[in-house]
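This one's a predicted model, so the numbers in the text were calculated from it and none came from an experiment. Below, chain A is the first sequence line, B the second, and so on; all start at residue 1.
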Protein chains: 2
Amino acid sequence: MTVATSALIDHMHDDVTERLRSDIVLGALRPGEWLRQIDLQDRYNCTRSAARTALATLASAHIVEHTPNRGFRVVQPSVEARSEITDVRLMLELPAAVEIVTNASAADIADIRVAADAFDAGVDVLSVQKMRSLNHRFHRALIAPLQNTTLASLIHELRERDLPGDWSNWTTTSKVRQSSRDHLDMADAIEAGDAHALQVIIKAHLTRWQTTEVD
Amino acid sequence: MTVATSALIDHMHDDVTERLRSDIVLGALRPGEWLRQIDLQDRYNCTRSAARTALATLASAHIVEHTPNRGFRVVQPSVEARSEITDVRLMLELPAAVEIVTNASAADIADIRVAADAFDAGVDVLSVQKMRSLNHRFHRALIAPLQNTTLASLIHELRERDLPGDWSNWTTTSKVRQSSRDHLDMADAIEAGDAHALQVIIKAHLTRWQTTEVD
DNA sequence: GGCGCTAAAATTGGCGCCAATTTTAGGCAT
DNA sequence: ATGCCTAAAATTGGCGCCAATTTTAGCGCC
């Protein structure tokens, strides 16, 4: 048995968890969709117990929801639930914006810029899933300068809880383009050291789904 | 089989999880302590698989930590980790204070007052564990007026993550008495409708451990 | 007496089995 | 044809078994 195979087996359960998480937050598995253990076993070529631990873990993270004797399904946050999450995200990300501007090194800023440019270049070109992946990368780069790792991971977790309800933001190109503008503006604000401007952009970015929900 | 017994069996796993969680946050199981599955099986009179799911769930909640092939132990947050948690709690609980003052009904205020009084009456009289339980009750009553349930449960979860590192706050009676004064002051501020005063008290309450760590 | 090595015991972690529940399919009466 | 009742299939959830790893105990050696 090769080392690579051994490593895969050693972390099989965690690996399945992360692949399932990725498939959900990137939208490959739709909100409300039932996640039968046998299907996951097939999809990820794993044992049923690996699928079960993955589902249990993601249920703890509020990414899937559990119904006893029925199984697990991808969460489908209501408008009310999304509003609650948005309020909490603002409480965390607006203070975080100050930290980001304060702590961001030149390398951090460069990473953010690269991620924002990559996203912008993909609008109209790449698939929704690829764009969501690039979006993910941008937000990763954005919070990377945070020293408070507890804050960083909490911001990340709340974002993932919100994502399954985020469908409508990817249905029209104009919305994706608006997101891209936000990203570029954020990069500008950070580079300019303007914490307040960054806060304004983040607030607009997080609350836009509430103002433009009616297509 | 009686209905009560059936209900216990039906929710055995969840029940064990909550009992273990309670034992940890109330300090019956000490920070850093190893939690062997066979011990939990004995303590809670449950199967090993119930103990395993409880441990996995609490690991997701950052209340216990997992080391592969070694097992689980009660988290023992470092001073740095506690500072991070405190910063995040302030980001959530200071805005929450405004909501609490705004939304608290007369019944909510009465509950908070009762909980604060019960805690105050217990200082010098009750065991540490009983006092921690009353403290828990007070904080439950305090966040009950929050409409945003996502915010409420997140505040609760962060508090639980912090509790295992909270030992020194219960070693001396003077610290417990200071906490009680804080609780009574909070009740006063809420009853007076003074959101800013409540924020000041909460901030002092959450950060006091940093200023008085040296006994 | 202390240190290191080896064998036994203890513990964890993954997997498969089986009972319980839910879902689906089929037949029957209206 | 439609709705309902029953039987079969599918799915979940809990439990125990066994391999892998870690910890402990015992023993020889320096």
Side-chain angles (χ1 to χ4, degrees), chain A residues 1-21 23-24 29-30 32-76, chain B residues 1-21 23-24 29-30 32-76:
Chain A
M1 184 180 289
T2 68
V3 174
T5 307
S6 170
L8 279 178
I9 288 178
D10 281 358
H11 304 300
M12 182 69 86
H13 281 53
D14 295 342
D15 186 56
V16 171
T17 302
E18 290 315 307
R19 286 209 279 164
L20 177 57
R21 183 199 302 271
D23 280 344
I24 292 171
L29 297 168
R30 307 294 178 81
E33 187 172 346
W34 284 100
L35 301 172
R36 276 174 298 141
Q37 294 170 15
I38 195 167
D39 290 344
L40 301 182
Q41 186 175 347
D42 182 42
R43 170 186 268 257
Y44 302 115
N45 196 39
C46 66
T47 64
R48 196 164 75 93
S49 70
R52 281 172 71 173
T53 59
L55 289 167
T57 302
L58 296 183
S60 292
H62 301 103
I63 290 174
V64 304
E65 62 184 4
H66 178 56
T67 306
N69 294 319
R70 295 281 308 280
F72 298 80
R73 75 175 109 182
V74 179
V75 293
Q76 198 170 22
Chain B
M1 184 178 289
T2 67
V3 174
T5 309
S6 170
L8 278 178
I9 288 177
D10 280 359
H11 303 301
M12 181 70 85
H13 281 52
D14 294 343
D15 186 58
V16 172
T17 302
E18 291 315 308
R19 287 210 277 164
L20 177 56
R21 184 199 301 273
D23 280 345
I24 292 171
L29 297 168
R30 306 294 179 83
E33 186 171 346
W34 283 101
L35 301 171
R36 275 173 296 141
Q37 295 169 14
I38 195 168
D39 291 344
L40 302 182
Q41 186 173 348
D42 182 43
R43 169 185 268 257
Y44 302 115
N45 196 39
C46 64
T47 64
R48 196 162 77 93
S49 71
R52 280 173 71 173
T53 59
L55 288 167
T57 301
L58 297 183
S60 292
H62 304 275
I63 289 174
V64 305
E65 62 184 4
H66 177 56
T67 306
N69 295 318
R70 295 281 309 282
F72 298 80
R73 76 176 106 181
V74 180
V75 293
Q76 198 171 22

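Counting to the nearest Å, the P atom of D/dA10 and the CH2 atom of A/Trp34 are 19 Å from each other. D/dT11 atom C1' lies 10 Å from atom CG of A/Asn69, rounded to whole Å. If you take CZ of A/Phe72 and C1' of D/dT12, they are 9 Å apart, rounded to a whole angstrom. For A/Leu35 and D/dG13, the CG to C1' distance is 17 Å, given to the nearest whole Å. Counting to the nearest Å, the P atom of D/dA10 and the CZ atom of A/Arg70 are 18 Å from each other.
Nearest approach of B/Trp34 to B/Phe72, heavy atoms of both residues: CE3-O, 3.4 Å. Heavy atoms only, all atoms of each residue included: A/Leu29 and A/Arg43 are closest at CD2-NH2, 3.5 Å. Here the shortest heavy-atom pairing between B/Val75 and B/Glu65 reads CG1-N, 3.8 Å. Nearest approach of B/Asp23 to B/Tyr44, heavy atoms of both residues: OD2-OH, 2.6 Å.
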For residues 53-62 of chain B, which side-chain donor-acceptor pairs fall under 3.5 Å, sequence neighbours excluded?
{"unit_1": "B/Thr53", "atom_1": "OG1", "unit_2": "B/Ser49", "atom_2": "O", "d": "3.4"}
{"unit_1": "B/Thr53", "atom_1": "OG1", "unit_2": "B/Ala50", "atom_2": "O", "d": "2.9"}
{"unit_1": "B/Thr57", "atom_1": "OG1", "unit_2": "B/Thr53", "atom_2": "O", "d": "2.8"}
{"unit_1": "B/Ser60", "atom_1": "OG", "unit_2": "B/Ala56", "atom_2": "O", "d": "3.4"}

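Closest to the side chain of A/Arg36, from the set D/dT22, D/dG13, D/dT11, is D/dT11.
Contacts between residues 38-53 of chain A and DNA chain D, defined by a heavy-atom separation under 4.0 Å, are made by A/Arg48, A/Arg52.
For C/dG13, one of the phosphate oxygens OP1 or OP2 lies less than 4.0 angstrom from a side-chain nitrogen or oxygen of B/His66.
Take A/Arg52 and apply the side chain to side chain donor-acceptor pair (under 3.5 Å) test, not counting sequence neighbours, and it matches no residue.
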